[in-house]
Amino acid sequence: QLQLVESGGGLVQPGGSLRLSCAASGLTLDSYRIGWFRQAPGKEREGVSCISKNGGITNYADSVKDRFTISRDNAKNTAYLQVNSLKPEDTAVYYCAADLPSTFRRLFTCTLRSDEYDSWGQGTQVTVSS
């Protein structure tokens, strides 16, 4: 069974940067497409970014486009989310999730829909404050 563990969160000032990591164990991550989500207090979980199984397709929520970058290193069994130019409204618990593609379409795409992901990490807190 695939297990995911996020790390890299913390307290950062507005305009700062962090690199979030999602380390996989149990199975190899290269079979999965990956998504990053976040949930702020009192708000619904929001899709932030995703990357396809082979890394060729990425997608971002409009609120983070041009500030966040998703990547994956299958050799290290790890996915990353580089978060730059952080704003107070980016404060949230960030989760990574993995989906084993079950259709031809899913092999070559990614999605920000949380209901398409089967495995989830426990989250890492990102707080943006001066």
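Nothing fancy with the numbering, it's 1 onward along the sequence.
A continuous path of hydrophobic side-chain contacts links Val128 to Val48 [ILVMFWY only; heavy atoms under 4.5 Å]. Linking ILVMFWY side-chain heavy atoms closer than 4.5 Å, directly or via other members, places Tyr94 and Val64 in a single hydrophobic cluster. Linking ILVMFWY residues whenever their side-chain heavy atoms come closer than 4.5 Å, directly or via other members, places Leu2 and Ile70 in the same cluster.
Atom-to-atom distance recorded for Ser17:OG and Gln82:CD is 6.0 Å, nearest 0.5 angstrom. We find the CZ-CG distance between Arg72 and Asn77 to be 9.0 Å, quoted to the nearest 0.5 Å. To the nearest 0.5 Å, atom OH of residue Tyr80 and atom OG of residue Ser7 are 9.0 Å apart. Between atom OG of residue Ser63 and atom CD of residue Glu46 there is a gap of 4.5 Å, rounded to the nearest 0.5 Å. Note: Leu81 CG to Arg38 CZ = 9.5 Å, rounded to the nearest 0.5 Å. Rounded to the nearest 0.5 angstrom, Leu112 CG and Trp36 CH2 are separated by 14.0 Å.
The minimum heavy-atom distance between Gly47 and Ala61, with the atom names listed, is O-CB, 3.4 Å. Heavy atoms only, all atoms of each residue included: Phe108 and Ile57 are closest at O-CG1, 3.4 Å. What you find for Phe37 and Ala97 is that their closest heavy atoms are CE1-CB, 4.1 Å. The two residues Asn54 and Ser52 come nearest to each other via the heavy atoms OD1-OG, 3.0 Å.
Applying the side-chain contact (heavy atoms from CB on, under 4.5 Å) rule to Ser85 yields the partners Arg67; only residues at least two apart in sequence or on another chain are considered. By the ring pair (Phe, Tyr, Trp, His ring centres under 6.0 Å) test, Tyr32 pairs with no residue at all, sequence neighbours left out. For Asp118, the side-chain contact (heavy atoms from CB on, under 4.5 Å) partners are Asp99, not counting sequence neighbours. Checked against side-chain contact (heavy atoms from CB on, under 4.5 Å), Ala40 has the following partners two or more places apart in sequence or in another chain: Lys43, Ala92. When the ring pair (Phe, Tyr, Trp, His ring centres under 6.0 Å) test is applied to Tyr60, no partner is found at least two apart in sequence or on another chain.
More than 12 heavy atoms of other shown residues, nucleotides or ligands fall within 6.0 angstrom of atom CG in Asp115. Heavy atoms of other residues, nucleotides or ligands lying less than 6.0 angstrom from CZ of Arg45 number more than 12.
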Take Leu100 and Lys53 through the side chain to side chain contact (heavy atoms under 4.5 Å, CB included) test and state the conclusion after the steps. CA-CA 9 Å; Leu100 186 65; Lys53 176 180 175 296; over 6 Å; no
Task: Ser102 vs Glu116, side chain to side chain contact (heavy atoms under 4.5 Å, CB included): CA-CA, chis, key distance, verdict - done: CA-CA 10 Å; Ser102 58; Glu116 292 197 16; over 6 Å; no
Test side chain to side chain contact (heavy atoms under 4.5 Å, CB included) on Leu4 and Ile34 and set out the steps.
-> CA-CA 11 Å; Leu4 303 173; Ile34 305 298; 5.6 Å; no
*asked:* Checking Val126 against Leu18 for the side chain to side chain contact (heavy atoms under 4.5 Å, CB included) test, could you report, in this order, the C-alpha distance in whole Å, the side-chain angles of both residues, the deciding distance, and whether it holds?
replied: CA-CA 9 Å; Val126 172; Leu18 291 169; 4.0 Å; yes
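Asp90 and Lys87 are not joined by a salt bridge, as no carboxylate oxygen comes within less than 4.0 angstrom of a charged side-chain nitrogen.
Judged purely by distance below 3.5 Å, without hydrogens or angles, the side chains of Thr91 and Glu89 never pair a donor atom with an acceptor atom. With no hydrogens or angles considered, no side-chain donor-acceptor pair links Thr78 and Asp73 at under 3.5 Å.
Side-chain atoms of Gln13 never come within 3.5 Å of backbone atoms of Ser130 as a donor-acceptor pair (strictly under, hydrogens ignored). Remark: side-chain polar atoms of Thr28 are not paired, donor with acceptor, to backbone N or O of Asp30 under 3.5 angstrom.
The disulfide (SG to SG under 2.5 Å) contacts involving residues 14-62 comprise Cys22-Cys96, Cys50-Cys110, where partners must be two or more places apart or lie in separate chains.
Under the 30°/60° scheme for interplanar angles, the aromatic rings of Tyr95 and Trp120 are found to stand perpendicular.
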